[in-house]
Amino acid sequence: MFMKLIEIPLPQIFDWEAMKAYLSQHSLELLHPREEDWFYRWLNTGNESSLFRSTVDTQMNLIQIEVLHSSGVNNEEKIITEFVNEWWDLNRDLKSFYKIAKEDHLLAPLVEKSQGLRIGGIPDLWECAAWAIVGQQVNLSFAATLKNRLIQQFGEKIEWEGLEIWQFPSAEKIASLQPEELRPLAISQRKAEYLIGFSNMIVSGEIDKEKLRGFASAEEASQQLKKIRGIGKWSSNYILLRCLRYPDAFPLGDAALYNSVKKLLGMESKPTDDELLKLAENWEGWQAYATYHLWNA
DNA sequence: GTCCAGGATACTG
DNA sequence: CAGTATCATGGA
């Protein structure tokens with residue numbers, strides 16, 4: 001039995017099947033386990049925490065959120081609603097993206113097929129950066145394995161009617177570790193240093209979401225992030241795409257991006273950066289959504 | 001066995 | 001300054 005029901009009107013264009021596919025892509029999703037069409041999430045709200053589950057009612061055009069365990073804080077509903085808004089990018093007006101995408105020979109068939117695809121986000125900056133770091137260079141399934149080991153080793157879990165729901169390890173927890181303590185998880189020495197270094201900057205407040213918001217372009221915000229050890233051009237733009245949601249974030253260097261373009265254009269070899277940037281001239285202002293459609297393809 | 005994965009940095013000439 | 005080596009592991 002749930003304690004409270006929150007309903008959010010569904011944006012006009014929203015592809016629930018695509019969002020479900022993203023949320024379910026790694027077979028073992030500890031942070032938002034799925035049961036039927038419900039996704040469970042255990043959210044920190046300061047010193048307290050809320051457990052909720054959310055789904056989409058496509059008949060009623062509603063997002064439904066059931067609060068299963070309340071934190072008791074008086075702005076809980078607002079916090080959860082804002083989280084889901086960011087998680088599923090509900091407030092994005094995609095009209096101008098579709099306008100340019102329909103004129104683009106690479107994107108046109110993709111947006112036709114995936115109307116309402118919205119970028120699945122990682123609203124927590126620390127969690128997003130950690131995912132970017134463990135995902136550097138290695139294939140996605142191995143990256144997911146590393147993330148799950150981090151969560152199960154250093155995170156916290158609760159159970160709800162037999163279902164386990166985990167919280168990502170806090171920055172404080174990772175900041176308290178030595179790199180050697182992460183090595184047994186098969187995280188490289190370098191990545192262990194990157195993770196601990198980033199977590200320390202979160203703990204000290206040296207970096208936070210507010211400081212990364214409000215830049216006129218992803219490029220400017222990216223320059224801030226790239227000052228951090230372990231965060232290069234790919235990771236900075238990945239974080240801007242998934243967490244800060246700059247629509248013009250463009251993760252140049254992304255292996256999946258090159259492979260997708262190569263396949264879609266029937267190229268002999270992977271496109272060069274110059275070729276990719278040439279294509280991206282048509283996507284000005286919407287590089288993040290163009291990238292996401294290419295990943296999705 | 002080799003090559004490549006949603007890269008970034010340290011080192012070398 | 002640009003190349004190159006290194007890292008971790010697993011799947012193709």
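Below, read A as the first sequence line, B as the second, and so on, with proteins coming before strands; counting in each chain starts at 1.
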Quiz item: What salt bridge (charged side-chain N to carboxylate O under 4.0 Å, His left out) pairs are there with at least one residue in residues 48-75 of chain A, not counting sequence neighbours?
Solution: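 For residues 48-75 of chain A: A:Arg53-A:Glu66.
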
Rounded to whole Å, how long is the line connecting atom [atom1] of [X] with atom [atom2] of [N]?
X	N	atom1	atom2	result
A:Leu195	B:dG7	CG	C1'	14 Å
A:Phe250	B:dG7	CZ	P	14 Å
A:Glu193	B:dT9	CD	C1'	11 Å
A:Gln189	B:dA10	CD	C1'	14 Å
A:Tyr194	B:dG7	OH	C1'	8 Å
A:Arg190	B:dT9	CZ	C1'	5 Å

[X]: what forms a salt bridge (charged side-chain N to carboxylate O under 4.0 Å, His left out) with it, not counting sequence neighbours?
X	value
A:Lys191	none
A:Arg183	none
A:Lys209	A:Glu86
A:Asp37	A:Lys20, A:Arg34

When you measure from every atom of DNA chain B, which of [range] have a heavy atom less than 4.0 Å away?
range	answer
residues 269-291 of chain A	A:Lys270
residues 223-239 of chain A	A:Ile228, A:Arg229, A:Gly230, A:Ile231, A:Gly232, A:Lys233, A:Trp234, A:Ser235, A:Tyr238
residues 108-117 of chain A	none

Could you measure between the two [atom1] atoms, the one in [N] and the one in [M], and give it in whole Å?
N	M	atom1	result
B:dA5	C:dA2	P	24 Å
B:dA8	C:dG11	P	24 Å
B:dT9	C:dG10	P	25 Å

Exercise. Mark yes or no for whether A:Arg245, through its side chain, and A:Leu240, through its backbone, hold a donor-acceptor pair below 3.5 Å.
Key: no

Quiz item: Taking A:Lys211 for the side chain and A:Gly205 for the main chain, is one N or O donor matched with an acceptor at less than 3.5 Å?
Solution: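 Present.
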
Quiz item: Do you know which two heavy atoms are closest between A:Ser49 and A:Thr45, and how far apart they sit?
Solution: N-OG1, 3.7 Å

Quiz item: Any idea how A:Tyr22 and A:Tyr292 line up, ring-wise: parallel (<30°), tilted (30 to 60°), or perpendicular (>60°)?
Solution: perpendicular

Quiz item: Under 4.0 Å between a side-chain N or O of A:Ser188 and OP1 or OP2 of C:dA8?
Solution: yes

Provide a list of protein-nucleic acid N or O atom pairs under 3.5 angstrom, restricted to nucleotides 9-12 of chain C.
none

Exercise. Quick one: list whatever passes side-chain hydrogen bond (donor to acceptor under 3.5 Å, both in side chains) with A:Gln64, sequence neighbours left out.
Key: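 Only A:Glu7 meet the side-chain hydrogen bond (donor to acceptor under 3.5 Å, both in side chains) criterion with A:Gln64.
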
Quiz item: Does anything in residues 108-125 of chain A pair up under side-chain hydrogen bond (donor to acceptor under 3.5 Å, both in side chains), and if so which pairs, sequence neighbours excluded?
Solution: A:Ser114-A:Asn296

Quiz prompt | Members sharing A:Met60's hydrophobic cluster (side chains within less than 4.5 Å) | solution =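 Besides A:Met60, the cluster holds A:Leu62.
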
Quiz prompt | Flag if over 12 foreign heavy atoms under 6.0 Å of CD, A:Glu156 | solution =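 Check fails, neighbour count at 12 or below.
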
Practice problem: Report, as yes or no, whether the 6.0 Å neighbourhood of atom NZ on A:Lys78 holds more than 12 heavy atoms from other residues, nucleotides or ligands. | Solution: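 No, not enclosed.
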
Quiz item: When we call it a touch if two heavy atoms are under 4.0 Å apart, what does A:Gln136 touch: a base, just sugar-phosphate, or nothing?
Solution: sugar-phosphate

